[in-house]
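First comes the structure, then the notes that go with it.
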Amino acid sequence: MAGQSVAFIGLGNMGTPMTARLVAAGVAVRGFDVAEAARARFAEAGGTPASTAAEAAAGADVVITMLPNSDVVEAVVAEVLPSLKPGAIVVDMSSSEPLRTRALAERVAAGGVRLIDAPVSGGVKGATEGTLAIMVGGSDAEFAEVRELLSLLGKPTHVGAIGAGHALKAINNLMSAIHLWGSSEAMLTGIEFGLDPSLMLEVINASSGRSGSTQYKWPTFIVPETYDAGFGAALMLKDMRIATGLAHALGTPSTLSDVAVAHWTRAVADLEPGSDHTAVAKWLREHPAGLVEGD
Ligand code: NAD
């Protein structure tokens with residue numbers, strides 16, 4: 001890693017704390033985001049803002065993308081490609097679509113640029129504390145090349161060839177979304193019965209019904225009614241669709257997952273744009289019938 005110069009594109013909920021960690025560790029980071037406020041936050045944290053993605057990426061050894069989805073990643077990679085130096089490596093840490101990531105890596109390889117996937121789990125908290133689970137898809141050599149840099153952000157694990165990280169990330173979030181929905185229905189039933197939510201969580205978290213939703217999301221964002229985990233509901237739904245799309249393509253079972261996608265689709269369409277994913281618990285409280293045709 002020594003001396004690696006880094007460009008970081010996408011300074012949102014995750015990119016902001018991730019770049020702050022890199023800068024604090026002494027890494028030279030040039031960053032870009034289309035939102036001016038994001039660039040200003042990045043500059044305040046000690047980063048060097050650029051006025052375009054291509055300017056940020058010019059001459060960098062490593063270009064990290066932390067963007068909403070594959071559409072945006074592909075557009076940004078196409079934009080920066082001409083300014084990348086030969087041998088540069090693009091690390092897509094966004095939650096993108098695995099098959100599109102594979103195809104994108106093949107396209108950029110023609111120009112002498114390598115692209116690997118390294119999506120994360122752990123949310124804004126994990127990004128701030130440097131404890132993200134980082135799922136890396138690429139060759140052994142590529143993993144070795146970025147391992148030390150990624151270790152500043154969390155725990156990188158080499159999970160397979162290009163696209164493997166994105167597949168695993170989507171699968172993880174499909175489970176997480178199903179847990180959040182299921183635990184919310186269960187918690188609302190207990191509350192309606194007259195049980196105390198904090199007491200319920202204490203017992204459930206020492207019992208077999210526990211999940212990341214009961215251990216972290218319910219006590220931190222739902223019981224206090226802040227709904228501000230920093231991960232948008234629409235981004236969660238995007239990840240669920242990536243995972244069920246894979247299941248459909250591979251012919252693996254997705255009966256419960258497909259129903260979960262339908263429920264989340266309904267909630268996300270109904271929630272205020274930009275709502276946090278934890279707001280589905282509030283939505284369920286307000287729409288106890290859930291998915292009702294013509295509602
Ligand atoms: P976000 O919406 O907060 O940030 C995305 C940033 O990308 C925004 O600041 C936006 O202005 C910027 N952007 C959009 N188009 C751009 C472009 N063309 N060029 C430059 N910048 C552009 O999203 P986030 O929560 O930071 O998530 C980023 C990625 O990480 C997503 O793929 C998400 O699914 C994934 N993720 C998020 C979390 C979380 O808890 N927030 C956790 C794990 C993974």
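All ligand and atom numbering here is 1-based and tracks the order in the structure. Scope of the values below: all heavy atoms of this structure, side chains included, with no hydrogens, waters or symmetry mates.
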Revision key, fill the gap. When distances are taken from atom 17 (C) of ligand 1, the protein heavy atom at minimum range is Val34 CG1, 3.6 Å
Check your understanding: Going by distance alone, is a donor N or O of one side chain under 3.5 Å from an acceptor N or O of the other, for Asp61 and Ser5?
Key -> yes
Check your understanding: Where the closest heavy atom to atom 30 (O) of ligand 1 is concerned, which of His277, Lys125, Met66 has it?
Key -> Met66
Exercise for review: Verify whether one side chain among Lys217 and His179 offers a donor that lies under 3.5 Å from an acceptor in the other.
Suggested key: no
Practice item. Kindly identify the option in Phe32, Phe231, Phe42 whose heavy atom sits closest to atom 40 (O) of ligand 1. Key: Phe231
Exercise for review: Would you confirm whether Arg21, through its side chain, and Leu152, through its main-chain N or O, come within 3.5 Å as a donor-acceptor pair?
Suggested key: yes
Check your understanding: Backbone or side chain, does any N or O of Ser121 fall under 3.5 Å from an N or O of ligand 1?
Key -> no
Point to revise | Numbered atoms of ligand 1 (with element) below 4.0 Å of Lys238, judged on heavy atoms | key: 31 (C), 32 (O), 33 (C), 34 (O)
Point to revise | Nearest-neighbour protein heavy atom for atom 4 (O) of ligand 1, which is reported as residue plus atom name and distance | key: Gly12 CA, 3.3 Å
Practice item. Classify the side-chain pair Arg285/Ser184 by whether it contains a donor and acceptor separated by less than 3.5 Å. Key: no
Revision key, fill the gap. Filtering Thr52, Leu11, Val72, Asp92 for the heavy atom nearest atom 15 (N) of ligand 1 leaves Val72
Check your understanding: Who's closest to atom 7 (O) of ligand 1 heavy-atom-wise, of Val73, Asp33, Ile9?
Key -> Asp33
Check your understanding: For atom 27 (O) of ligand 1, what's the nearest protein heavy atom and its distance?
Key -> Leu235 CD1, 3.9 Å
Review point. Would you say atom 2 (O) of ligand 1 has a protein heavy atom nearer than 4.0 Å?
Key: no
Review point. Heavy atom of Met93 under 4.0 Å from ligand 1?
Key: no
Review point. Mind checking whether Gly230 has an N or O less than 3.5 Å away from an N or O of ligand 1?
Key: yes
Check your understanding: Are any of the N or O atoms of Pro68 closer than 3.5 Å to those of ligand 1?
Key -> yes
Check your understanding: Would you call Lys282 and Glu225 a salt bridge, using N to O less than 4.0 angstrom?
Key -> no
Check your understanding: So, Glu129 and Lys125, do they make that salt bridge, N to O below 4.0 Å?
Key -> yes
Check your understanding: So, Ser51 and Glu55: side-chain donor and acceptor under 3.5 Å apart, yes or no?
Key -> yes
Review point. Quick one: are the ring centres of Tyr216 and Phe221 less than 6.0 Å apart?
Key: yes
Practice item. Might you work through the side chain to side chain donor-acceptor pair (under 3.5 Å) test for Thr101 and Asp117, ending with a clear yes or no? Key: CA-CA 7 Å; Thr101 302; Asp117 48 321; 5.6 Å; no
Check your understanding: Could an N or O of ligand 1 be found under 3.5 Å from any N or O of Asn13, whether backbone or side chain?
Key -> yes
Check your understanding: Ser94 heavy atoms, cut-off 4.0 Å: which ligand 1 atoms fall inside?
Key -> 32 (O)
Check your understanding: Would you say Met14 and ligand 1 have an N/O pair spaced under 3.5 Å apart?
Key -> yes
Review point. Can you tell which of Gly232, Pro119, Ser95, Gly15 gets a heavy atom nearest to atom 44 (C) of ligand 1?
Key: Ser95
Point to revise | Short N or O distance, Lys169 and ligand 1, threshold 3.5 Å exclusive | key: no
Review point. Among Val80, Leu84, Ile89, Val77, which residue meets the side-chain contact (heavy atoms from CB on, under 4.5 Å) test with Val113?
Key: Leu84
Check your understanding: How are the rings of Trp181 and Trp264 set to each other: parallel, tilted or perpendicular (split at 30° and 60°)?
Key -> tilted
Review point. Which atoms of ligand 1 have any heavy atom of Val76 under 4.0 Å away?
Key: 17 (C), 18 (N), 19 (N)
Exercise for review: Would you check if Val136 and Thr157 make a side-chain contact, meaning some heavy-atom pair closer than 4.5 Å?
Suggested key: no
Review point. For ligand 1, which atoms have a heavy atom of Val120 less than 4.0 angstrom away?
Key: 43 (C), 44 (C)
Review point. Looking only at heavy atoms, which two atoms of His166 and Pro119 are closest? And how far apart?
Key: CD2-CG, 3.5 Å
Check your understanding: Taking the minimum heavy-atom distance to atom 22 (C) of ligand 1, which of Val124, Asn69, Leu67, Asp71 ranks first?
Key -> Leu67
